[in-house]
Structure formats: C-alpha cells, structure tokens
Amino acid sequence: MMYLFLLVLFFFYNPFLFFFFFFFFSFISINIYCWGGLFFFFDSFVFSLLILMSLFILGVVIMSEKNFNLIILSEILVVMCVFFFIPVNIIMLYVFFEFSMFPILVMILGYGSQIEKISSSYYLIFYASLCSFPFLFVYFSSDLSFMLVYFDFFLSWEVVLILSLSFMMKFPVYFLHLWLPKARVEAPTTASMLLAGLLLKLGTAGFMRILGSLNFIHLNFWFILAFLGMILASFCCIFQSDSKSLAAYSSVTHMSFLLLSFLFMFMSSKTSSLMLMLSHGYTSTIMFYLIGEFYHSSGSRMIYYMNSFFNSSIFMVVVFSFVFLSNSGVPPSLSFVSEFITISSGISFFFFSFILVFIYFVFSFYYSIYLITNCLMGKNLIFFNTWGLGFSIPLIFMMYNIFWITLFI
C-alpha cells in the first residue's frame, strides 16, 4: 500500500493522473487495515464514503479550475482530509485537522478578489486557535486513555464540551460560524467548493468520534444550540442579497440540522446524519460552482441580477434547478430521505421538535424557491462555460440516487 501511495504522490503535478491513481488507491485500501506499519486504517464505511465524496469534489475542481496553483492546493487539502478520516491516533487526527487550514488560507489570501479577505483570514485563524487550544490542554493533562480516536467511556460534560469545541468550529454550530460566510464569500470559487463540501465534514466526522462520550442528561444544551442554529441561520438566508453568502448561510442551517440528527441517539438518526453529510457535500459543491460560474460570466453575485439562465443554456437551467431543489430537500433527493428519517426519530424522541422543524422547513424552502424563480427567467444572454458541468452530473446522480437508500437501510 505504501508503494501505491508513493505512486499517487509521484503524479502530484499531473492532476488528471493524480485523481485517477488516488481514486484507484482509495478503492483498494478500503479492505486493508494497515499500510506497512503506518498507523492508518479504514475503520468504518462512513469514512470510506466521505473519502469517495472528497475525490468527487476534487474531480469537479480539476475539471472547472483554470489556475494550476489552485489545483495543487486542492490536491494537498484532499490528501490531508483523507488522512484525517482514517487515523488511529488522536494526535494524528488533530494534526491533520489543523493542517487542513493551511491550503484554505493560502487560497483566500493569495487568490481572493477583495480586500476583505484579510479580515476573513483573521476570523479563520482566531476561531481555529481559540477552539483548538482547550483540546490540546485536555489531551496533555490526561493519561494515555486519550490515545485512541474512539471515546467510548464516560466523561463529564465539561470535558466533552472542550473536546468537541475544536470540532464545533468546523461543524460549524451557529455561534461559532462567523468565520464561515466571510471566508466563503472572499475565497475564490475553488476554495468555496472545498470549504463547503469537504472542510465542514472534518468537524462532523470528528464529532462522530466523540459522540460515544455524550451523556443523555446534558443533551439539552446541544438541542438548544441545534434549534437556534437552524432557525436563526434560515432567517439570515432570507435577508441575504449576495448569492454566495446565501449559500454559505444555508450550509449553517444544514449543519445545525445535522447536529440535531446526531443528538437523537437512534441508529436510524445516525444513518440519516451520514446521508445528510453526503448530500450536503455534493449539493453545496455544485451550488458554489454554479454561483462562481455566474460571477465569472456576468461580474455580479447579487441575487437581483442573477437571471437569464433560461435564455442562455437549458443544460445550465436543469442542473441549477436540480441542485437548489436538492438543497431545499425535495424528494427523491438524498437530503429529503435523511430529513424524513430525522423527523421520524425526533417525533419519537419528543413531540415538540416537530413544530420547530416545521418552522425551519418553511423558511429554508422559501429562500431556495426564491433563488430558483429569480434566476431562471430574464432577457439577457450570458455565455457560460459548461465544461465543468460535465463532471457535475455524477454528483447530481449521487444526490438523487436510490442506491444510497438501499446501502444504508
């Protein structure tokens, strides 16, 4: 396995060959538990599916990006994320978790188009350092029981809060989310796609690992956090005029819903949370790609000026409609199935959750439909580069595929 991985790194400066061999390497290594003495192994199909999703996102980046340096940074980030999904040691997990910030910071500061990219980088570094130092403090203050990445033993709620704080920053829960809209709006399209589709999944995968230490007594705090994030971020989406900022806040609403699905503690809700992670990764990647293509073609990201898709390309219209309908949870998309399972678990957990989730669905469906109806019709003719859309079709197939349901249920 090590020789195969070195072969993958040998083609690092050839993106197409790198993608092909990395895809081949991931499929082979799913059934192998050790790589020549290195402490990495595939311990769950959850992380195998997340690795597959990260490779699909890398494929979209390679097909759509013109800048070679951004493609190289994307490859570095995907390799770091793949290593984050499969460690056996908690300090290796922490190292790859924090090192994934480096390519995103270089993308934002080096290739962002506006001067606000400096303040967004400050936000990103400040949140990362503030939330990660308590994690290191708990690790160095404890004995060797924190060596493994599975926390299946009882911990006090304070220690669980400190351990989950660094993962919550990249989740992101609502009150730790302020870096996300700033970083995504100021980043180039490639960095926005990787932030939405891949970097947020690091926080969710890390929180999944410490979920075994959560105590039922202290779940009220997390429930309040999830409900507030769902509804307040939906309100933020309604009042956005920048389409990229709207897509960023819609990711905050989906991640808050994902946190709620985690907390129900049923096996069905764990399944639905994984499906929601996958659907959000595919959907948000193509969302930011489409918004970036419109920005490169027209020079504007304002929702009011995002029109005339219909006259320009019927292919663009179909893809755009599918993606934003999947973002709002329309059947038979994967997000609809996962949200339906989560609501069923929530009603059996406590009935009052149905009212709050219904309020969330009303607002989230409103801003998605508003964006679709505002974008399709118009009188102008804008020429789009639809080369990258060719690789987006497999992602749309993943969002609407019945294969996922048969795999999980």
Side-chain angles (χ1 to χ4, degrees), residues 15 54 57-58 60-82 84 95-132 166-173 176-204 206 233 236 240-252 255 280-281 284-296 299-302 388:
S54 63
I57 294 171
L58 178 63
V60 176
V61 169
I62 290 173
M63 292 288 283
S64 62
E65 184 56 54
K66 309 285 193 303
N67 193 326
F68 183 73
N69 295 332
L70 282 175
I71 294 178
I72 295 298
L73 288 169
S74 305
E75 291 177 358
I76 295 172
L77 180 61
V78 169
V79 170
M80 290 300 108
C81 292
V82 167
F84 170 81
V95 165
F96 288 122
F97 184 75
E98 294 303 320
F99 190 70
S100 62
M101 285 288 186
F102 169 72
I104 290 293
L105 277 174
V106 174
M107 286 182 189
I108 294 174
L109 287 174
Y111 298 96
S113 57
Q114 294 171 334
I115 195 61
E116 286 86 356
K117 64 185 180 181
I118 300 175
S119 64
S120 67
S121 301
Y122 276 138
Y123 267 70
L124 191 59
I125 295 171
F126 174 75
Y127 272 102
S129 59
L130 181 71
C131 297
S132 295
S166 56
F167 297 124
M168 283 296 163
M169 190 276 296
K170 277 189 191 167
F171 207 101
V173 294
L176 295 175
H177 77 290
L178 290 175
W179 64 272
L180 184 71
K182 281 184 170 292
R184 285 203 192 167
V185 170
E186 305 308 325
T189 303
T190 298
S192 299
M193 290 159 59
L194 291 167
L195 263 170
L198 195 54
L199 211 65
L200 298 190
K201 305 305 171 293
L202 301 188
T204 56
C236 291
Q240 293 300 318
S241 58
D242 188 346
S243 58
K244 209 169 183 181
S245 183
L246 186 145
Y249 275 108
S250 74
S251 290
V252 179
M255 290 296 108
H280 175 263
S284 57
T285 301
I286 316 180
M287 273 171 56
F288 278 102
Y289 168 71
L290 292 171
I291 292 170
E293 281 303 312
F294 187 88
Y295 174 65
H296 296 321
S300 174
R301 290 196 309 257
M302 299 290 288

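Side chains included, hydrogens not; waters and symmetry mates left out as well; all remaining heavy atoms used.
A 4.5 Å side-chain heavy-atom check between Ile57 and Val78 finds every atom pair outside the cut-off. You'll find the side chain of Ser100 stays beyond 4.5 Å of the side chain of Phe96, heavy atoms only. Looking at Leu77 and Ile104, their side chains come closer than 4.5 Å, going by heavy atoms from C-beta outward. Within the 4.5 Å cutoff, side-chain heavy atoms of Tyr127 are placed close to those of Leu178. Considering only heavy atoms from C-beta on, Lys244 comes within 4.5 Å of Phe288 through its side chain. Side-chain contact between Met168 and Cys131 is absent, with no heavy atoms from C-beta onward closer than 4.5 Å. Two residues are said to be in side-chain contact when any heavy atoms from C-beta on lie closer than 4.5 Å; Phe171 and Thr204 meet this criterion. For the pair Lys201/Ser54, no side-chain contact is recorded, criterion being any heavy-atom separation below 4.5 Å from C-beta on.
For the atom pair CG of Leu194 and OG1 of Thr285, the computed distance is 7.5 Å after rounding to the nearest 0.5 Å. Rounding to the nearest 0.5 Å gives a distance of 10.0 Å between NZ of Lys170 and CG of Leu198. Rounding to the nearest 0.5 Å gives a distance of 5.5 Å between CG of Leu124 and CD1 of Ile108. Note that CE of Met302 and CD of Gln240 are 10.5 Å apart. Values are rounded to the nearest 0.5 Å. Between Leu70 atom CG and Met107 atom CE the span is 5.5 Å, to the nearest 0.5 Å. One finds the CD1 atom of Ile125 at 9.0 Å from the CE atom of Met101 (value rounded to the nearest 0.5 Å).
The main-chain N or O of Phe126 is never found under 3.5 Å from a side-chain atom of Trp179 such that the two would form a donor-acceptor pair. Using modelled atom types, no side-chain atom of Thr189 and backbone atom of Tyr289 make a donor-acceptor pair closer than 3.5 Å.
Between Arg184 and Ala196, the shortest heavy-atom contact is NH2-CA, 3.3 Å. The two residues Pro103 and Leu73 make their nearest non-hydrogen contact at CB-O, 3.7 Å. A pairwise comparison of heavy atoms in Pro181 and Ala248 identifies CA-CB, 3.9 Å as the closest pair. Residues Ala128 and Met169 come closest through the heavy atom pair CA-CE, 3.6 Å. Between Val252 and Pro172 the shortest heavy-atom distance is CG1-O, 4.3 Å. When all heavy atoms of Lys117 and Gly112 are compared, the closest pair comes out as NZ-O, 3.3 Å.
Residues meeting the side-chain hydrogen bond (donor to acceptor under 3.5 Å, both in side chains) test with Tyr295, sequence neighbours left out: none. Among residues two or more places apart in sequence or in another chain, the ring pair (Phe, Tyr, Trp, His ring centres under 6.0 Å) test is passed with Tyr122 by none.
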Glu65/Ser74 under side-chain hydrogen bond (donor to acceptor under 3.5 Å, both in side chains): CA gap, chis, key distance, verdict | CA-CA 10 Å; Glu65 184 56 54; Ser74 305; over 6 Å; no

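For Tyr123, the OH atom counts as loosely surrounded, since its 6.0 Å shell holds 12 or fewer non-hydrogen atoms of other residues, nucleotides or ligands.
When ring centroids are compared, Phe99 and Phe84 stay outside the 6.0 Å threshold.
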